[in-house]
4 protein chains.
Amino acid sequence: MSKKISRIFAAAIDVFSKFGFEKAKMDLIAEKAKVAKGTIYYHFKSKEEIFFSLIEEGINQLIQLLNEGTKPLSSGKEKLEKAIEIQVNYIFDYKDFTKILLSEVWGSEERQIRFRELLQKLLKLLQNYIEQGIQEGDYRQRDLELTASSIFGIISVTSLHTLLGQLNYTPEQITEHVQSMIEESLKK
Amino acid sequence: MSKKISRIFAAAIDVFSKFGFEKAKMDLIAEKAKVAKGTIYYHFKSKEEIFFSLIEEGINQLIQLLNEGTKPLSSGKEKLEKAIEIQVNYIFDYKDFTKILLSEVWGSEERQIRFRELLQKLLKLLQNYIEQGIQEGDYRQRDLELTASSIFGIISVTSLHTLLGQLNYTPEQITEHVQSMIEESLKK
Amino acid sequence: MSKKISRIFAAAIDVFSKFGFEKAKMDLIAEKAKVAKGTIYYHFKSKEEIFFSLIEEGINQLIQLLNEGTKPLSSGKEKLEKAIEIQVNYIFDYKDFTKILLSEVWGSEERQIRFRELLQKLLKLLQNYIEQGIQEGDYRQRDLELTASSIFGIISVTSLHTLLGQLNYTPEQITEHVQSMIEESLKK
Amino acid sequence: MSKKISRIFAAAIDVFSKFGFEKAKMDLIAEKAKVAKGTIYYHFKSKEEIFFSLIEEGINQLIQLLNEGTKPLSSGKEKLEKAIEIQVNYIFDYKDFTKILLSEVWGSEERQIRFRELLQKLLKLLQNYIEQGIQEGDYRQRDLELTASSIFGIISVTSLHTLLGQLNYTPEQITEHVQSMIEESLKK
DNA sequence: CATGAATGAGGGTTCATTCAT
DNA sequence: AATGAATGAACCCTCATTCAT
């Protein structure tokens, strides 16, 4: 990926996270990326496209981290615990990205719908870990979709609350708390 | 409250929920409310104010429902369970409002910050129920803030996923699921 | 019609005739009309619409002049001669409009196609006069469409050439010339 | 002329005739010519220049056809009739070019003025034929400039109307019609 | 000769807000 | 209290042209 495209990406993450999609100005992105405005449009079709590319790359990166991080582990229970840890750390490592992610998923715009489809891939991973845990006898029978969605909900909302300044916890504390809650509610 | 103000409120909820804050047009609100655009500005200072009034009223209404619904109950455990039920039902009864609420809380805009402060009142209620449950020996010791935040996260995210069409559950199923998860993760 | 709309129309004719549709700037139209740019868009949907309204009004005005001017006359021959005179005078009276008319009719843009449909109404009038002249025995048999189109061609091109500075004739001279050519080529 | 220049010319005619000067994009011309955009600017100074070169070549080609076609003929009358036939056929043979020619001659842009100067050469030829016809006693006395301009007007407008789909005639029918009209209006 | 990434001035359109009536 | 015509700053995107390679 060319240097300029990288700079545009970085600037876009910065600006989108600070202002949200609608209020983010292409002028500002260009300025922060130190490229001419036209350069952005040479590489991306539109504001929407640059936004979606960003999200896609971010989610895929997280999914890859999850796949890599859980590969050495054998049991579903271990994988789920690891997955929680990875997600929380990811959120704290890429605060800006997460702020975009979680403030722009809900809505009826075309881009937001495509957006949620990407997230499904992530939720599917969580479902797989839970399902394995159930088959291995570690977890009780629970609705997979609802449970995966719940886990994602706990992680996102507690982390976001912290990042947005309403709560004051470290990633480790949050990881520990979420793992514990999930463990208790799933264990036989 | 005058008839026109009511109509403006109703139209605003409709429009904000369909388009989000930024893409909602004052023209459309005026048209749906069957008032002239100037009339809106006679009653409200700005788009932000009408939006915030809306949110404030909604959250206060939910808080009142929670207070009323839990008043006849004595134990913290019962109150928390009831609170979950009330929140899920509220979300499903006022889908439009909830979509606004949950797609506009995250962000750094002034209105979004004030917005989250309102939500704190709600979270405080949940904390109170949990704290009472702990003191009554029904619940284990747990961080109150993180736990309340988690409960809010589970409820919001699973309900939203359902309303947005990614999941397919009834309010009763979701209530049941959330109550069960929370019960298991809190019980001694 | 409100004062502002009139001013916008006048400014638009001025600007479109000087620069053509594509190079005409809405900023300049607004400035010449002494209104804010937004005001134009309050009254017209788009640049295209203001342009088309202009053309439509102009052509209808010409058609009305033709209808009124030929009403007192009885024979087709007299009507055709009068029609030539009216058109030439109209072109010279409304130079700017004619420049727009004749420099923007040819093309495949949507607006240009709608544009030509308007012109058909004018050509149909000419056809009627010719047809009447034939039935009255003054004119020889000739293809109506081709002849009407030819008359329009002679009038437009000679007048335009004059207006654009390549030729140097008065409206009277042109009228006289065209009438004579047409008379000779149609008479039995 | 190099292969690439030819391809650029061909692509330019195609694109200019489809979209007109203003809406024609250099990107599209480059794409259709299968050259890089920079290559066009290596061979031509600007969009205007490529456009003008095109027109110049086209008009000169038509003038050459007229000169060659009328050379074997001796009388002005015969030459004028032949000239009409040649022009109509040229228009139908090079529809795209003619659409450009006739939709871009009218206007006050620098290029359009230079453009009309080229056309004068063509009109001068027509004038010469008419003048010769008059001297040879075949034609009546008539203003040369106005008559030449009229002939050009009839040919262009009827042909264009046909090419643009408003009329439905063959080149032969149009030639026959124009020749007849002109003959009648010029003969003694 | 040829390329194509990069530029940036420019333009049509939107829309929250104002204010004279 | 209510209106709606008017405003103008703001913004996304286009595209002819340039220039380093």
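Just so we're clear, the structure is a prediction, and the values are computed from it rather than from any experiment. Just so it is clear, the values below take in all heavy atoms, side chains as well, and ignore hydrogens, waters and symmetry mates. In what follows, chains are A, B, ... by sequence order, proteins preceding strands, each numbered from 1.
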Output the rounded distance in Å from CD (A:Glu31) to C1' (E:dG8). 14 Å

Rounding to a whole Å, what distance do you find between C:Lys3:NZ and F:dA6:C1'? 17 Å

Would you mind telling me which of E:dG12, F:dA16, E:dC1 lies closest to the side-chain atoms of C:Lys25? E:dG12

Output the rounded distance in Å from CZ (A:Phe51) to P (F:dC11). 18 Å

May I ask you to evaluate whether D:Lys4 reaches the phosphate of E:dT3, defined as a side-chain N or O under 4.0 Å from OP1 or OP2? yes

Under a 3.5 Å limit on both distances, the Watson-Crick or wobble mate of E:dG12 is F:dC11

Nucleotide F:dA10, atom C1' - distance to OH of C:Tyr41 in whole Å: 14 Å

Between CD1 of B:Ile40 and P of E:dT18 the distance, given in whole Å, is 14 Å

E:dT3 base to D:Lys37 side chain: any donor-acceptor pair below 3.5 Å? no

Between D:Thr39 and B:Lys45, which has a closest nucleotide on DNA chain E that is more 5'? D:Thr39

Side chain to side chain contact (heavy atoms under 4.5 Å, CB included) evaluation trace for D:Ile59 with D:Ile63: CA-CA 6 Å; D:Ile59 291 184; D:Ile63 287 174; 3.8 Å; yes

Can you figure out which of E:dT7, E:dA2, F:dA6 approaches the side chain of A:Val35 most closely? E:dT7

Flag, side chain of C:Asp14 to backbone of C:Ala10, donor-acceptor distance under 3.5 Å: no

Of A:Ala36 and D:Lys34, the one whose closest DNA chain E nucleotide lies more 5': D:Lys34

Round to a whole Å and report the spacing from NZ of C:Lys23 to P of F:dA16. 11 Å

A:Glu104 and A:Arg111 ion-paired at < 4.0 Å: yes

Taking any heavy-atom pair under 4.0 Å as a contact, classify B:Ala24: base, sugar-phosphate, or nothing. sugar-phosphate

F:dA2, OP1 or OP2 - any side-chain N/O from B:Tyr42 closer than 4.0 Å? no

Nearest nucleotide by nearest heavy atom, which residue falls closer to the 5' end of DNA chain F, B:Gly38 or D:Ser46? B:Gly38

Can a cation-pi geometry be assigned to D:Lys25 and D:Phe19, taking NZ or CZ under 6.0 Å from the six-membered ring centre and within 45° of the ring axis? no

Could you check which nucleotide pairs with F:dA20 in any of the strands shown, counting Watson-Crick or G-U wobble with both distances under 3.5 Å? E:dT3

Using only side-chain N and O atoms of D:Lys47, determine if any of them is under 4.0 Å from OP1 or OP2 of F:dA16. yes

From CD1 of D:Ile50 over to P of F:dT17, roughly how many Å is that when rounded to an integer? 11 Å

Once you round it to whole Å, what is the distance between P of E:dT13 and CG of B:Asp27? 17 Å

With no hydrogens and no angle check, is any side-chain donor or acceptor of B:Gln112 less than 3.5 Å from a backbone partner on B:Glu109? yes

